[in-house]
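Shown next, in structure tokens, is the structure this report addresses.
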Amino acid sequence: MVDMSVTLAGQRLRNPLMTASGCAANGKELHRFFDVAELGAFVTKSVMAEPRSGRGTPRMAETPSGMLNSIGLQGPGIKAFVEEDLPWLASVGARVLPSIAGSSSEEYAEVASVLAASEAFGAAVGVEVNISCPNVANRGLVFACDPVASSTVISLVRETLPPRVPVFAKLSPDVTDITAIAAACLDAGADGLTMINTLLGMVIDTDRMRPQLGGVTGGLSGPGIRPVAVRAVWQVRRAMLEGVMPTVPIIGVGGVRTGRDALELVAAGASAIQVGTATFNDPAAPVRVLDELTGLLESKGFASFGDAVGVAHQR
Amino acid sequence: MVDMSVTLAGQRLRNPLMTASGCAANGKELHRFFDVAELGAFVTKSVMAEPRSGRGTPRMAETPSGMLNSIGLQGPGIKAFVEEDLPWLASVGARVLPSIAGSSSEEYAEVASVLAASEAFGAAVGVEVNISCPNVANRGLVFACDPVASSTVISLVRETLPPRVPVFAKLSPDVTDITAIAAACLDAGADGLTMINTLLGMVIDTDRMRPQLGGVTGGLSGPGIRPVAVRAVWQVRRAMLEGVMPTVPIIGVGGVRTGRDALELVAAGASAIQVGTATFNDPAAPVRVLDELTGLLESKGFASFGDAVGVAHQR
Amino acid sequence: MTGALSTTAGGRRGAVAHEVAEVVGTRRVGAYQHLTLVAPGAADLARPGQFVALAVGDESSATLLRRSFSIHRVTPTGGDGTSATGLGTVEIVVSAVGPGTRWITSRQPGDTVDVIGPLGQAFPLPTDPTSCVLVGGGYGSAPLFWLAEALRERGCHVELVLGAASEDRLFGVDEARRSGDGVTITTDDGSAGHRGWVSDVLPGIIERTSAGMVYGCGPMGMLRSITDIAAAHGAVAQVAVEESMACGVGVCMTCVMPVVGSDGRTRMVRSCVEGPVFRGDAVRWDAFEGGHCRVPDDAVGAPRVGGH
Amino acid sequence: MTGALSTTAGGRRGAVAHEVAEVVGTRRVGAYQHLTLVAPGAADLARPGQFVALAVGDESSATLLRRSFSIHRVTPTGGDGTSATGLGTVEIVVSAVGPGTRWITSRQPGDTVDVIGPLGQAFPLPTDPTSCVLVGGGYGSAPLFWLAEALRERGCHVELVLGAASEDRLFGVDEARRSGDGVTITTDDGSAGHRGWVSDVLPGIIERTSAGMVYGCGPMGMLRSITDIAAAHGAVAQVAVEESMACGVGVCMTCVMPVVGSDGRTRMVRSCVEGPVFRGDAVRWDAFEGGHCRVPDDAVGAPRVGGH
Ligand SMILES: Cc1cc2nc3c(=O)[nH]c(=O)nc-3n(C[C@H](O)[C@H](O)[C@H](O)COP(=O)(O)OP(=O)(O)OC[C@H]3O[C@@H](n4cnc5c(N)ncnc54)[C@H](O)[C@@H]3O)c2cc1C
Ligand SMILES: Cc1cc2nc3c(=O)[nH]c(=O)nc-3n(C[C@H](O)[C@H](O)[C@H](O)COP(=O)(O)OP(=O)(O)OC[C@H]3O[C@@H](n4cnc5c(N)ncnc54)[C@H](O)[C@@H]3O)c2cc1C
Ligand SMILES: Cc1cc2nc3c(=O)[nH]c(=O)nc-3n(C[C@H](O)[C@H](O)[C@H](O)COP(=O)(O)O)c2cc1C
Ligand SMILES: Cc1cc2nc3c(=O)[nH]c(=O)nc-3n(C[C@H](O)[C@H](O)[C@H](O)COP(=O)(O)O)c2cc1C
Ligand code: FES
Ligand code: FES
């Protein structure tokens, strides 16, 4: 049997499989299909300070081997999250990686502090900071597109949270040099990285000859973008191996549908894997991918999951 | 009948359909499947100063709704191109958009000057400048990722070519802000833009647990990236409409497989369309897409192709 | 979930099955395809108004998102197990409008499709015998006959109104005659029944039958007018909507629409888990326009000028 | 190209047809699937050693790239037109190793596949009667029987050598006996014929028959050793390679390999248009290693230290 456990920035997880933020709601819905406590961690929908209605509809467009979404971070706000969602996840024994978001660096810090002060916070194995949000202070430029804005958010969140709780910065691929953003986040105190968020895309409704999404542009996800995710993980891992930045765990996400897909990200350097859009096709995808990945590692003779992380750099 | 002719930076084309550079070789191969003179323009494989062997193999990996390639700009060099390929294209009556490349801005200028001095240059309706090449003078950083490097190349090429010949800068989507690169190219004298080149991606061969491509990373193309191409064309066209930069024709490319796909790019702001990877599936794809696009415009009541360009910005 | 096995998460909230269903019947009905699927998990759990979500193609398909279809009827498992129907079947009626529905309607007996269901909220049934009008537009009538039978079992008087653009786009006229106490047909072009819309005949039927409940399933515009007419006649409308759904199971937030809650406040709620059936008068119809639905300014968490 | 029509660009260089081919036969042969396709354009133009490229799935498939297969046999159109074969058929032998070949081998009679062919260069035939040895590894034997017949028509003595890992991975043992003057079988596990590799028996056969030509089709390692053995015995090797091909028609440059030209210089040439058949001694076998092929330093346009 392959040892599938993994330690991410000091937190031991039973396995490396996670949901992806925004692709699994906050647990109850998927718990009808599998026991969410079976996951390495459950990543919740990015939560902001206040309740948010999100954008108008249509919010999605299907694309070849993927989809576009413009949800606009609809959510209940951090108060409702710590009162209802997090305790529920804790009650079923899930380990949680809450994802937080903000329109300003102060909002991130505020969300983090409410989270840290909450009763069920013990279920958290870290906090994922979704920096792919428009920064209202900077003409709506996404934090993750700017190393300075990214590092401001990460250092504020890092200061706010207790040291035992690792902070993962979730990066956007829509940048000229993702290693520069990664390095800025690590400099600011991030304990790990999650890569990648969606790519900015757009679909035209050719019946109406106008943008199909109510929000005009949206985020592209699904198997079609997997090569971009693998490349991003590879580049950042490579930079770590070359000593350009400290070596921290990378959580790989983007287009994973099967255990083989997950293994690509792992071999490129990911220490954990999130399954997003594939969950819409198969609600049990995160646990199915875990089974498939375990089987593959076994058949290749790996004794433990950790031995496979980044192996493609050695060959 | 819809009038499908289009005038691109002063050059009148019988229709807006083109091959995409590197996806159609230099004409003879596709001429077995359709008359290449039927196209608005035939875009040739990016040519450099000297003959190039390109990279080792494997040079390709199939991906969901797309593929990765790392050809490494294999080609005969500009001398053989102007002696053999361009005259052949001229002899069959094709209008040609030669694509040029270089490892330094001087190399681009050199290629442009040999091209401009060549006998069959009359067949050219412009020159496409592939600035998605590694700049040896800048640690291999791709020209198109840097506004200064992009603008240096474009102004040198612009100076070298006769004024009647429009220069199209072909942009990479792998940048934080594509409108900034577009503006820099226009400032430097580009008469039009081609968007987009491939996205940087990577595939791991999970049998061998190493990068599948001999060149490690490669360019991602095909229908899966179409939403990124539509978004890029939309953003730049929007910036033109907002007066941020002068309005010039945009040639749309990325993931076009059908007339409907082409119409997405047109409605987003493209005045011409290139078909790349889809040609590998259907060698006659460029002319099939032309037929399908013509039929769609007809059924929607457009009197001319030009009326459909950018319409999605008005609704 | 493997092979023909099904997993049913019966013990958890909103029990639902994920199963590989064999197609055991497919036939053309007017403009639609009527499919019968062996899906015992869904068949045993479903109630009228719920839907199933079908995957398109196999694991290598470029089409990732599921397609949703109202459950037309179910035949639960059990009984003596000797008849084919003892297998537990779910029937759906599909209009082939795009790549997904074209793939689904081309399935042949013996082929399998991946099915999740039952999903969403069923039509609420009145506790007392009430006079009810059931209005279906196009294939929207599919779930109504099963509903009609459930209502008549409770002693309700049931009238059905089926409307469509033309005769071939009506579904279940004969079935309507069997399941209801009265049937009215309308077509836009007059090729069957009254020429015109269901909204032309609905007021008269509500009045004639003193209906207290109006159930509707069909295009958005129709549901809105059903709601208005019901309200004008003091009846309650229950409508089943069709928003574009990426997951169907409540995890993606693409299928939302503005609905007024019991606290009087409007929220963007997921039509796949809190719907597809809503009280007509709770839906903020004013927010829908030209294929878009905006977030009403008074909705909980609506964007405020200058940010949140 | 529409429907079952085919377009054949006969007037232009390297005539090739693009056609929607109906599957008229499919049967299991050992570990392989033998398919017969109605593809009159390809059938009328093809010669032994050429290949066809098949699309996978329909227009909505996530699999864009074609898959290439050696032509096993063709039956041209013409004749009296009364027999089924008068339709013009192409036969291929497919090993289901991945998603594309699994889809292709699951096609049933009546299904269609999109076919482009014939592609590439055929095996060159000696102008004078020569003694020839034809060596096939696994399904690599598929194009050899047709070649054998063409050679015998020219008066050549033809010996066939078929090798595979095990008996079920041999293709065409009976056909070999019909088409050749002598047949030798090898399997790695000894389940049929000699235990061992084709390279174990080849030297003896070349010597015994004084062969001047050796034709090979199979895995790269085998082609290399055929080339070496032929050279050692003064024979010319002609080998058909299988490089990964994205387009098959010469436009993508993915299928290149280093081959020495008539000027003695090595170039990265496209194996789909300049191959798949190459003179064995022209191939730079030294550049292949562990699934990679590097550009030899002495190749035309090879990267130079410090850039180009
Ligand atoms: C709860 C519910 C019940 C439905 N019941 C039926 C039914 O009984 N019979 C029937 O024929 N159809 C029904 N539909 C509509 C059906 O789901 C769509 O027609 C189908 O998804 C279209 O897919 P496509 O690939 O053929 O078309 P496309 O238009 O190419 O679909 C592309 C995307 O848009 C979405 N979409 C497109 N049209 C609709 C629509 N009208 N409603 C929702 N999503 C849409 C699809 O899910 C898909 O993700 C129902 C929809 C919902 C939400
Ligand atoms: C000229 C030529 C003739 C061939 N003749 C035959 C034949 O007669 N019978 C037969 O069974 N197979 C033959 N092959 C190999 C066959 O094309 C591959 O097995 C097939 O493409 C694999 O596709 P897949 O989707 O099943 O597998 P995958 O491995 O998933 O294919 C993924 C990609 O890799 C490429 N690829 C994978 N393996 C090979 C390979 N061995 N050679 C070339 N490309 C590959 C595919 O084209 C595809 O683009 C031939 C290949 C070439 C180039
Ligand atoms: C509908 C949808 C909603 C998403 N919401 C969020 C979110 O709230 N926060 C976040 O960090 N990422 C969000 N994402 C991005 C995913 O977490 C993930 O990074 C991305 O989709 C790539 O992975 P995938 O291809 O497996 O989906 C969302 C993606 C989708 C499709
Ligand atoms: C095999 C291959 C080779 C390419 N070579 C070039 C090239 O030489 N110059 C260039 O500007 N773009 C090149 N491209 C990029 C295409 O021209 C095009 O911009 C890109 O593939 C997106 O379009 P598509 O999705 O239609 O293929 C190449 C693409 C492929 C797939
Ligand atoms: S369809 Fe995904 S939440 Fe409703
Ligand atoms: S396969 Fe495309 S050039 Fe050979």
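We name chains A, B, ... by the order of the sequence lines, and we start the count at 1 in each one.
- Aromatic ring centroids of B:Tyr108 and B:Phe143 lie under 6.0 Å apart.
- Neither the backbone nor the side chain of D:Met257 has a heavy atom closer than 4.5 Å to any heavy atom of chain B.
- Ion pairing between a basic and an acidic side chain is recognised when a charged N comes within 4.0 Å of a carboxylate O; D:Arg284 and D:Asp298 show such pairing.
- The choice from B:Gly276, B:Ala278, B:Gly56 that makes the most heavy-atom pairs within less than 4.5 Å of chain D is B:Gly56.
- Counting heavy-atom pairs closer than 4.5 Å to chain B, the top-ranked of the candidates D:Thr266, D:Val256, D:Val300 is D:Val256.
- Inspection of the D:Asp228 and D:Ser225 side chains reveals no N or O donor paired with an N or O acceptor under 3.5 Å.
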Next item on the list: Decide side chain to side chain contact (heavy atoms under 4.5 Å, CB included) for D:Trp285 and D:Leu223; before the verdict, give the C-alpha distance in whole Å, the side-chain angles of both, and the deciding distance to 0.1 Å.
Entry: CA-CA 9 Å; D:Trp285 302 106; D:Leu223 301 182; 3.6 Å; yes
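- Ranked by heavy-atom pairs under 4.5 Å with chain D, the list B:Met67, B:Arg288, B:Met60, B:Arg55 is led by B:Met60.
- For residues 70-99 of chain B, heavy-atom neighbours of chain D at less than 4.5 Å comprise B:Ile71, B:Gln74, sorted by residue number.
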Next item on the list: Assess whether salt bridge (charged side-chain N to carboxylate O under 4.0 Å, His left out) is satisfied between D:Arg279 and D:Asp281, documenting all intermediate values.
Entry: CA-CA 6 Å; D:Arg279 258 185 81 117; D:Asp281 56 8; 2.9 Å; yes
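- For the residue pair B:Ser221 and B:Thr198, no side-chain donor N or O sits within less than 3.5 Å of a side-chain acceptor on the partner.
- Between the side chains of B:Gln274 and B:Glu128, at least one donor N or O lies within less than 3.5 Å of an accepting N or O.
- Counting heavy-atom pairs under 4.5 Å between each of D:Cys255, D:Cys247, D:Cys293 and chain B puts D:Cys293 at the top.
- A donor-acceptor contact shorter than 3.5 Å is absent between the side chain of D:Ser271 and the backbone of D:Pro276.
- For B:Thr63, the part lying under 4.5 angstrom from a heavy atom of chain D is the backbone only.
- Residue with the most contacts toward chain D among B:Pro134, B:Pro64, B:Ala24, B:Ala49: B:Ala24 (heavy-atom pairs, distance under 4.5 Å).
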Checklist line | B:Val216 vs B:Met202, side chain to side chain contact (heavy atoms under 4.5 Å, CB included): CA-CA, chis, key distance, verdict | finding: CA-CA 7 Å; B:Val216 182; B:Met202 185 167 167; 4.0 Å; yes
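- Of all the listed residues (D:Arg267, D:Glu243, D:His292, D:Arg294), the one sharing the greatest number of non-hydrogen pairs under 4.5 Å with chain B is D:His292.
- No other option in D:Ala53, D:Pro258, D:Gly290, D:Ala287 has as many heavy-atom pairs under 4.5 Å with chain B as D:Gly290.
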Next item on the list: Applying side chain to side chain contact (heavy atoms under 4.5 Å, CB included), run through B:Leu296 and B:Arg260 and close with a yes or a no.
Entry: CA-CA 7 Å; B:Leu296 270 172; B:Arg260 199 211 65 85; 4.1 Å; yes
Item checked: Residues B:Glu264, B:Arg226; criterion salt bridge (charged side-chain N to carboxylate O under 4.0 Å, His left out); working and verdict -> CA-CA 9 Å; B:Glu264 274 200 68; B:Arg226 192 172 60 241; 3.5 Å; yes
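- Interface summary for chain B: among D:Gly250, D:Ser244, D:Ala246, the most heavy-atom pairs under 4.5 angstrom belong to D:Ala246.
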